[in-house]
Amino acid sequence: MRGAMPCCGFSDAARYIEEEEQRARRHLHGSAAFGHESVLREELAEAWEECQGPNWDGYDAIPVSREALRNTYLFLEALPLGCRHPSIGADPHGHLSVEWYRSPRRVLSISVTADGLLHYAALLGPNKTCGTETFFGEVPDTILALVRRVYS
Amino acid sequence: MIDLRNVPEVGSEETLARFILSSRHIRHSDNTIRPDAFVPHPYNDLSVTRHREATEEELWAVGRAVASLREKQQLQGRGDVAAMAFVKQGLELHADPVRDEAGRLDNPNHAVVTGWPNEKDRQKLFALEIAAEAKLVHPPP
């Protein structure tokens, strides 16, 4: 299986800057002013707890794998500062789902797979869209634009 | 409930129920249903129960029977959806009465929703559309 790869620079300087950025981002996410990481981490742990066994939905759903959990964690950690707080669910394919929800017809749902794919679908008022992106450690622009549209 | 000897095909004017056994499928903030509840995997069809000729008590009896067949599962509620919500997505509805020899679950009102796309993103989109039209009903105490 293919895991999601963190985005890397090619020089020591690039690596240093990336590490500093990640450290700063973690610090800010952890702070009361900016962050929701701890809340998300708790929600993610709860979802994993509930959905790691077979048939967790009563209709023979596939258990959520550790790889799907790991990729979802990395995906959440890669969200930019100030991004709205999503909620965490799971789908019967054995993926964790990340949802930005404003109303039943203003919603974005993303399934994060064990092999690092992001299957997404969105209802945006009268418009709708769906697709698949690969997660390489950064949240794709397509996804970020859809998050903004959910709340616009 | 529908007479097992004379089960009509599912009409687009009917209301269908999807029993929800995982609390993860409910948005508790506003009592709506997440699309994950309407994704058919691992099967090619989605199991639903028709309201037709059924009382509330009979519908909940089916829901409790469904939950009792699953280990550690509790009935969280049901999503009531107009059959038209499925039809609008190009999905097909088929009567699929269940007769259990052991008598644990006779459900003449059982139906299946077929014709789902293979692509996971399209399945999600269909499920989002259906969930947007579904109404969550909590089980009686």
Side-chain angles (χ1 to χ4, degrees), chain A residues 43-44 46-64 85-113 115 117-133 142 150, chain B residues 18-43 45-48 63-76 79 81 85 89 112 116-136:
Chain A
E43 202 175 331
L44 189 59
E46 282 175 11
W48 160 251
E49 183 76 20
E50 286 175 32
C51 307
Q52 62 175 305
N55 190 28
W56 56 265
D57 71 344
Y59 293 98
D60 296 332
I62 293 172
V64 175
H85 181 168
S87 64
I88 311 296
D91 73 27
H93 292 281
H95 311 146
L96 286 160
S97 59
V98 179
E99 183 181 84
W100 282 269
Y101 174 81
R102 187 169 153 194
S103 71
R105 292 212 65 86
R106 202 115 201 141
V107 55
L108 166 65
S109 177
I110 302 171
S111 291
V112 184
T113 75
D115 51 1
L117 295 177
L118 307 171
H119 299 299
Y120 65 88
L123 298 181
L124 302 158
N127 302 312
K128 57 187 173 183
T129 186
C130 66
T132 298
E133 295 273 346
T142 313
V150 167
Chain B
R18 171 74 169 170
F19 292 108
I20 297 171
L21 305 177
S22 169
S23 65
R24 205 37 67 180
H25 287 165
I26 294 172
R27 296 185 195 103
H28 298 281
S29 58
D30 66 352
N31 281 326
T32 54
I33 303 171
R34 293 177 72 116
D36 306 315
F38 294 99
V39 174
H41 195 82
Y43 303 108
D45 52 26
L46 186 81
S47 176
V48 292
R64 285 193 294 272
V66 169
S68 71
L69 294 175
R70 275 76 167 175
E71 200 179 341
K72 297 180 186 171
Q73 300 291 345
Q74 282 196 329
L75 183 61
Q76 304 292 329
V81 197
Q89 303 308 315
V112 289
W116 293 85
N118 291 325
E119 299 86 0
K120 290 173 184 173
D121 58 313
R122 290 190 62 218
Q123 280 188 11
K124 281 183 78 72
L125 187 58
F126 283 23
L128 268 178
E129 291 271 19
I130 294 158
E133 297 193 29
K135 181 189 171 202
L136 175 66

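Keep in mind it's a predicted model, so treat the numbers as computed, not measured. Reminder, nothing fancy here: chain letters follow the sequence lines and each chain counts from 1.
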Give, as side chain, backbone, both or neither, the part of [X] having an atom under 4.5 angstrom from any heavy atom of chain B.
{"X": "A/Glu43", "value": "both"}
{"X": "A/Tyr59", "value": "both"}
{"X": "A/Leu118", "value": "neither"}

A/Glu46 side chain reached by B/Arg24 side chain, heavy atoms, under 4.5 Å: yes
Sort out for me which of [options] touches chain B most, counting heavy-atom pairs under 4.5 Å.
{"options": "A/Arg105, A/His93, A/His95", "value": "A/His93"}
{"options": "A/Ile62, A/Asn55, A/Ile88", "value": "A/Ile88"}
{"options": "A/Ala121, A/Pro92, A/Gly53", "value": "A/Pro92"}

N/O donor-acceptor pair under 3.5 Å between [X] side chain and [Y] backbone:
{"X": "A/Ser97", "Y": "A/Ile110", "value": "no"}
{"X": "B/Gln123", "Y": "B/Pro117", "value": "yes"}
{"X": "B/Arg18", "Y": "B/Ser47", "value": "yes"}

For [X], which residues count as a side-chain contact (heavy atoms from CB on, under 4.5 Å) partner, sequence neighbours excluded?
{"X": "B/Asp30", "answer": "A/Tyr101, B/Arg27, B/Thr32"}
{"X": "B/Gln74", "answer": "B/Gln76"}
{"X": "A/Glu49", "answer": "A/Gln52"}

Side-chain H-bond candidate by donor/acceptor type, A/Ser111 with B/Lys124, under 3.5 Å: yes
Donor-acceptor side-chain pairing of A/Ser109 and A/Glu99 below 3.5 angstrom: no
For chain A, the option from B/Glu133, B/Arg122, B/Glu119, B/Glu129 that forms the most heavy-atom pairs under 4.5 Å: B/Glu129
Residues of residues 33-43 of chain B contacting chain A, heavy-atom criterion under 4.5 Å, by residue number: B/Arg34, B/Pro35, B/Asp36, B/Val39, B/His41, B/Pro42, B/Tyr43
